[in-house]
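Atoms within each ligand, like the ligands themselves, are counted from 1 in listed order. This chain uses plain numbering: 1 for the first residue, then up along the sequence.
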Amino acid sequence: MVVLGIETSCDESAVALYDSERGLLGHRLYSQIALHAQYGGVVPELASRDHVRKTLPLIKDLLNECGLDLEQLGGLAYTAGPGLVGALLVGASIGRALAWALGLPAVPVHHMEGHLLAPMLEPDKPAFPFIALLVSGGHSQLVQVEGVGQYTLLGDTLDDAVGEAFDKTAKLLGLPYPGGPALAELALQGKPGRYRFPRPMTDRPGLDFSFSGIKTFAITTWRDSPQDEQAKADIAHAFQLAVVETLVIKCKRALKQTGLNTMVIAGGVGANQLLRESLDVLMQSLGGRVYYPRPEFCTDNGAMIAHVGCLRLMGGEQDEPIIRARPRWPLVELSPPGVS
Ligand code: KG4
Ligand code: ZN
């Protein structure tokens with residue numbers, strides 16, 4: 001079965017075709033970064049309007065590129081949440097309308113389930129069960145994954161998400177939006193040891209995170225610094241190191257608590273090189289393994305949505321002909337395909 005996946009939950013219009021037999025056939029993405037850059041963050045109304053402009057042409061281009069036409073599709077999948085409601089509604093309406101017109105099934109996909117299972121798009125895929133570290137612009141979660149739709153939340157952020165802390169700290173340092181990759185790049189120029197940031201909530205038991213204090217620490221450190229280029233790089237370095245070490249400490253605890261030794265990193269911050277290297281080192285020391293998607297499938301993309309849609313449709317999932325958009329949608333509310 002070939003499934004067309006549509007992702008429009010935030011500032012990327014993305015589509016992909018996933019075949020249950022052959023895997024990923026192709027994917028296309030249009031990033032709105034340039035559109036929002038001048039505002040220093042995503043402007044929801046502009047995001048929705050741009051999805052309206054870009055999504056259908058992306059689908060047409062993708063079908064052409066893969067030498068397929070709409071009649072060869074077996075189903076549709078669209079991101080139904082969490083995300084910006086106006087943006088979600090665009091992909092949901094297109095997905096549902098196409099399904100209706102073609103007489104095909106369509107499934108609403110949870111964006112974070114897309115991220116969580118994205119490492120399975122790679123040839124060397126993890127086997128269930130595993131611990132997933134979900135780190136994006138809106139989420140910082142540790143999840144125990146027993147199978148598709150079988151998720152137990154082990155830890156969550158009490159305030160800011162990791163990506164949000166990266167973005168806000170980057171903005172403070174005058175870096176362009178989106179801040180995460182820019183801050184990581186600048187950190188490479190930083191002198192280790194000049195500043196030391198706190199590792200929040202690592203001195204007490206538990207798997208929850210808190211990243212708003214570290215952001216405030218960045219503000220005061222910057223204010224009291226010479227505010228030159230070297231100070232910027234040194235702060236970026238110390239910030240990134242503290243965030244990564246905090247995540248690694250919590251991952252180690254989650255593995256110990258559950259007795260598992262496989263990890264998956266997913267979500268935009270999963271593209272962070274230091275995080276990937278540090279988790280590699282941890283897992284080697286524990287005799288386990290960490291899996292991550294290629295960097296382009298860490299950040300938002302259509303492939304992860306087509307993939308989950310295909311798993312769910314093949315598993316017998318069905319949905320009524322309703323356009324679903326849920327800006328807030330806890331991951332743990334999901335169930336395995338075909339079980340409602
Ligand atoms: O998963 P994603 O593309 O969108 C959401 O679902 O939120 O994640 C975007 C987040 C942004 O906060 C961005 O700054 C961060 O991921 N990010 C990074 C890196 N690449 C993207 N953060 C740190 N280092 C990176 N290399
Ligand atoms: Zn995402």
Inset, instruction - Return yes when His111 approaches ligand 1 closer than 4.0 angstrom through a heavy atom, no otherwise. - result: yes

Inset, instruction - Decide yes or no for Val2 and Gln72: does some side-chain heavy atom of the first lie under 4.5 Å from some side-chain heavy atom of the second? - result: no

Inset, instruction - Identify, by atom number and element, the atoms of ligand 1 in contact range of Gly138, meaning under 4.0 Å from any of its heavy atoms. - result: 7 (O)

Inset, instruction - Give, for atom NZ of Lys252 and atom CG of Leu286, the distance between the pair rounded to the nearest 0.5 Å. - result: 6.5 Å

Legend entry - 2.8 Å cut-off met by an N, O or S atom of His115 to the Zn ion (ligand 2): yes

Inset, instruction - Answer yes or no for His115: is there a heavy-atom contact with ligand 1 below 4.0 Å? - result: yes

Inset, instruction - Over 60° means perpendicular and under 30° means parallel, so classify the ring planes of His111 and His115, tilted if in between. - result: perpendicular

Inset, instruction - Mark up the atoms of ligand 1 that fall under 4.0 Å of a heavy atom belonging to Gly163, in ascending order. - result: 12 (O)

Inset, instruction - Would you tell me which option among Asn301, Asp300, Asn272, Val135 has the nearest heavy-atom contact to atom 25 (C) of ligand 1? - result: Asn272

Inset, instruction - Without swapping roles, check the side chain of Asp208 against the backbone of Asp156 for a donor-acceptor pair under 3.5 Å. - result: yes

Inset, instruction - Starting from the Zn ion (ligand 2), look over the N/O/S atoms of Asp300 and name the nearest one. - result: OD1

Inset, instruction - State, with a plain yes or no, whether a side-chain heavy atom of Thr79 is found less than 4.5 Å away from one of Thr8. - result: no

Inset, instruction - Without swapping roles, check the side chain of Gln273 against the backbone of Leu275 for a donor-acceptor pair under 3.5 Å. - result: no

Inset, instruction - For atom 20 (N) of ligand 1, find the nearest protein heavy atom and state the residue, atom name and distance (0.1 Å precision). - result: Gly268 O, 3.4 Å

Inset, instruction - Would you mind finding which of Val269, Leu274, Thr79 brings a heavy atom closest to atom 15 (C) of ligand 1? - result: Val269

Inset, instruction - Please work out whether the ring planes of Phe297 and His27 are parallel, tilted or perpendicular, with thresholds of 30° and 60°. - result: perpendicular

Inset, instruction - Go through ligand 1 atom by atom and flag the ones less than 4.0 Å from a non-hydrogen atom of Gly137. - result: 5 (C), 7 (O), 8 (O), 9 (C), 10 (C), 12 (O)

Inset, instruction - May I ask you to test the Arg328-Pro82 pair for a side-chain heavy-atom distance under 4.5 Å? - result: no

Inset, instruction - Check His111 and report its N/O/S atom nearest to the Zn ion (ligand 2), by atom name. - result: NE2

Inset, instruction - Give the C-alpha distance, both sets of side-chain angles, the deciding distance and a yes or no for side chain to side chain donor-acceptor pair (under 3.5 Å) between Glu113 and Tyr151. - result: CA-CA 9 Å; Glu113 183 176 46; Tyr151 309 126; 2.5 Å; yes

Inset, instruction - State if Cys10 counts as touching ligand 1 under the rule of any non-hydrogen atom under 4.0 Å. - result: no

Legend entry - Under-4.0 Å heavy-atom contact with ligand 1, by part of Asp167 that carries it: side chain

Inset, instruction - Measure the distance from atom 22 (N) of ligand 1 to every protein heavy atom, then report the residue, atom name and distance (to 0.1 Å) of the closest one. - result: Gly180 CA, 3.5 Å

Inset, instruction - Salt-bridge test for Glu164 and Lys215: reply yes if a basic N is under 4.0 Å from a carboxylate O, no otherwise. - result: no

Legend entry - N, O or S atom of His139 closer to the Zn ion (ligand 2) than 2.8 Å: no

